[in-house]
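All heavy atoms count here, side chains included; hydrogens, waters and symmetry mates do not. As the structure lists them, so they are numbered: ligands from 1, and atoms in each ligand from 1.
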Amino acid sequence: MIPLEALELFVIDLPLVHPFRTSFGEERVRRVLLVSVAGEGAVGWGECVASSGPWYSYETVGTAFHVIRDFIVPLLRGARLEHPRDFPALVAPIRGHPMAKAAVEAAIWDLFCRLRGMPLWKEIGGVREEVLSGVSIGLQDSIPELLARVREFVGRGYPRVKLKVKPGWDISVLEAVREEFPEIELQVDANCAYRPGDPALPEFDRFGLLLVEQPFHYEDLLEHARLARTLSTPVCLDESITSPHRAREALELGACSVINIKQGRVGGLTAAVEIHDLARERGIPVWCGGMLETGVGRALNVALATLPNFSLPNDISATDRYFREDIAHPPFALTSRGTIPVPEGPGIGVEVDGERLRREAAATARFGLRR
Ligand code: NPQ
Ligand code: MG
């Protein structure tokens, strides 16, 4: 049985090295919620991928704090878990709130693996010791500024670039990027910014893109299916895939031919692996998305992306693409092969700077888990 003795929550604000802008807003500081679960002298860590506001999804740092404190902790008190995979059933009575659940599940996976002296990536059946890296570049004020950013990241060795697009910031941008970089692996992410019938959509086929990510509203699987039938560029879903159930629906409808997997968005690592397996059975490639994670969440993404069907480059960049000083150590760095190496240590393989967390946290809470 997994020894569950105490759960702690920490909210911390980490300044980003560069503002990150999407079709739903701009972030200059990453407000993060970290979860630790302690037992038998070991501590496991999880990061909640919710952000400060309900823009990417309805969850926020505030709602996740509330749901963990008032609903997940009471279910966890005295709970008997043989394996982290038993956690989703325990929290199933709570409807929704996948990011809150995922953060606690992640801390339990890390604790479980650390107690066994086992790296997490091996425990879930990973097959590689480095994962393909990629960089996501936010919306910019002008095309010259965007080109300078692409130049910078290509120069640092990123083998794949993802551009944020929205109506009015799409075709002219792609023409300019393709003119200077005719060969780089390129893909676009609209974060739901388009309406069906937008004249830019069929134009995406001119640019040799790896995929187009989440063009339409997150609830609209049918319009994605319609687009997927007419576009030769693969359609990938992100925001729409909120569970294994929804992934099955999307694949059945032909709404996508690629899936972006984020363990937080789908309710945890167990659900993420389930979606990976389902996609694999159907010949659908997957890749790991990013949520501006600290080293805690980044390490979990790296472990997840070692699974066999993660065959496209991931939104897993080096630590210094986002933060000057991470809360977890050592930082992740890019290899000359355009990959991120998988840490060797037990659990997620990074160590959290607990002293700094306690010193700088904007909020903390501690809960005993024994009956
Ligand atoms: C995506 N991420 O794939 C997301 C969206 C995103 C790396 O492109 C704060 C917290 C700001 C989470 C901005 C990337 C965010 C965020 C964008 C997630 O759609
Ligand atoms: Mg996305």
Side-chain angles (χ1 to χ4, degrees), residues 11-34 47-64 98-100 102-103 133-140 146 149-150 153 158 160-166 169 186-194 209-218 224 234-242 250 256 258-266 272 286-294 296-298 300-302 304-305 312-323 332 340:
V11 177
I12 185 170
D13 289 313
L14 288 181
L16 293 168
V17 294
H18 212 274
F20 195 90
R21 197 159 97 235
T22 63
S23 52
F24 51 79
E26 185 182 82
E27 209 90 349
R28 289 168 173 276
V29 172
R30 183 67 168 103
R31 167 158 284 206
V32 256
L33 171 62
L34 294 171
E47 173 169 349
C48 180
V49 301
S51 68
S52 57
W55 321 125
Y56 169 86
S57 91
Y58 66 80
E59 292 186 86
T60 69
V61 167
T63 67
M99 295 174 179
S133 182
V135 66
S136 175
I137 302 182
L139 300 171
Q140 306 291 317
L146 176 69
R149 293 293 278 164
V150 176
F153 289 118
Y158 285 99
R160 183 278 266 159
V161 169
K162 163 167 136 182
L163 303 178
K164 294 291 183 179
V165 290
K166 63 174 186 179
W169 180 265
L186 195 63
Q187 65 191 56
V188 294
D189 184 359
N191 290 113
C192 312
Y194 289 87
L209 304 176
L210 286 174
L211 55 89
V212 52
E213 184 179 343
Q214 196 70 44
F216 302 139
H217 194 278
Y218 50 92
H224 283 104
V235 172
C236 171
L237 290 175
D238 174 358
E239 284 92 327
S240 291
I241 308 297
T242 49
C256 61
V258 177
I259 297 177
N260 166 331
I261 298 185
K262 293 174 178 169
Q263 57 80 33
R265 191 195 66 227
V266 303
V286 305
W287 55 286
C288 182
M291 292 290 285
L292 282 57
E293 289 91 347
T294 73
V296 174
R298 195 170 303 278
L300 185 59
N301 288 346
V302 167
L304 177 61
L312 287 164
N314 306 287
D315 272 351
I316 303 178
S317 303
T319 299
D320 65 7
R321 188 263 175 268
Y322 290 112
F323 305 108
F332 289 88
I340 304 281

Requested in this report: For side-chain contact (heavy atoms from CB on, under 4.5 Å), just list the numbers for Tyr194 and Val165, CA-CA rounded to whole Å, side-chain angles, deciding distance to a tenth of an Å, and then say yes or no.
Outcome: CA-CA 9 Å; Tyr194 289 87; Val165 290; 4.0 Å; yes
Query - Glu213 atom (N/O/S) at minimal separation from the Mg ion (ligand 2) - result: OE2
Report task. Record the part of Lys164 in heavy-atom contact with ligand 1 below 4.0 Å; permitted values are side chain, backbone, both and neither. Result -> side chain
Report task. Would you mind listing which atoms of ligand 1 come within a distance below 4.0 Å of any non-hydrogen atom of Thr22? Result -> 13 (C), 17 (C)
Query raised in the report: Is there a donor-acceptor contact under 3.5 Å linking the side chains of Glu47 and Thr294?
Result: yes
Requested in this report: Please could you name the atoms of ligand 1 that Ser136 approaches to less than 4.0 Å, counting only its heavy atoms?
Outcome: 7 (C), 8 (O), 14 (C)
Query raised in the report: Is Tyr322 touching ligand 1 with its side chain, its backbone, both, or neither, if touching means heavy atoms under 4.0 Å apart?
Result: side chain
Query - Asn191 and Tyr218: side chain donor to acceptor below 3.5 Å - result: no
Report task. Verify the distance criterion only: is there a donor paired with an acceptor across the side chains of Glu27 and Ser51 at less than 3.5 Å? Result -> no
Query raised in the report: In ligand 1, which numbered atoms sit nearer than 4.0 Å to a non-hydrogen atom of Glu213?
Result: 3 (O)
Report task. Please determine if Arg30 has a nitrogen or oxygen closer than 3.5 Å to a nitrogen or oxygen of ligand 1. Result -> no
Report task. Given side-chain contact (heavy atoms from CB on, under 4.5 Å), test Met99 with Met291 step by step and report yes or no. Result -> CA-CA 11 Å; Met99 295 174 179; Met291 292 290 285; 4.2 Å; yes
Query - Contacting atoms of ligand 1, where contact means under 4.0 angstrom from a heavy atom of Asp189 - result: 1 (C), 3 (O), 19 (O)
Report task. Could you check atom 2 (N) of ligand 1 against the protein and tell me its nearest heavy-atom contact, residue, atom and distance included? Result -> Gly290 O, 2.9 Å
Query raised in the report: Is there a donor-acceptor pair under 3.5 Å between the side chain of Arg265 and the backbone N or O of Ile241?
Result: yes
Report task. Could you say whether the N/O atoms of Glu27 and ligand 1 ever approach to under 3.5 Å? Result -> no
Query raised in the report: So does Arg149 have more than 12 non-hydrogen atoms from other groups sitting under 6.0 Å from CZ?
Result: yes
Report task. Report yes or no: does Ser133 contribute a side-chain atom to a donor-acceptor pair with the main-chain N or O of Ile316 at less than 3.5 Å? Result -> yes
**Report entry** Identity and separation of the nearest protein heavy atom to atom 3 (O) of ligand 1
**Finding:** Lys162 NZ, 2.9 Å
Report summary line: protein heavy-atom neighbour closest to atom 1 (C) of ligand 1 works out as Lys262 NZ, 3.1 Å
Report task. Could you check atom 19 (O) of ligand 1 against the protein and tell me its nearest heavy-atom contact, residue, atom and distance included? Result -> Asn191 ND2, 2.7 Å
Query raised in the report: Under 4.0 Å between a Lys/Arg side-chain N and an Asp/Glu carboxylate O for Asp189 and Lys166?
Result: no
Query raised in the report: Is the distance from the Mg ion (ligand 2) to some N, O or S atom of Asp189 under 2.8 Å?
Result: yes
Query raised in the report: Numbering the atoms of ligand 1 from 1, which are under 4.0 Å from a heavy atom of Asp238?
Result: 1 (C), 3 (O), 19 (O)
Requested in this report: Please state whether the rings of Tyr158 and Phe153 are parallel, tilted or perpendicular, taking 30° and 60° as the class boundaries.
Outcome: perpendicular
Query raised in the report: Of all the non-hydrogen atoms in the protein, which one sits nearest to atom 6 (C) of ligand 1, and at what distance?
Result: Phe24 CZ, 3.9 Å
Report task. Could you check Leu211 against Trp287 for side-chain contact (heavy atoms from CB on, under 4.5 Å), going step by step and ending with a plain yes or no? Result -> CA-CA 11 Å; Leu211 55 89; Trp287 55 286; 3.6 Å; yes
**Report entry** Contact check: Asp238 to the Mg ion (ligand 2), N/O/S below 2.8 Å
**Finding:** yes
Query raised in the report: In terms of residue, atom name and distance, what is the protein heavy atom nearest to atom 18 (C) of ligand 1?
Result: Met291 SD, 3.6 Å
Query - Atoms of ligand 1, numbered as shown, that sit under 4.0 Å from any heavy atom of Ser51 - result: 9 (C), 10 (C)
Query raised in the report: Less than 4.0 Å between a side-chain N and a carboxylate O, is that true for Glu293 and Arg30?
Result: no
Report task. Look at atom 11 (C) of ligand 1 and say which protein heavy atom is nearest, naming residue and atom and giving the distance to 0.1 Å. Result -> Leu292 CD2, 3.6 Å
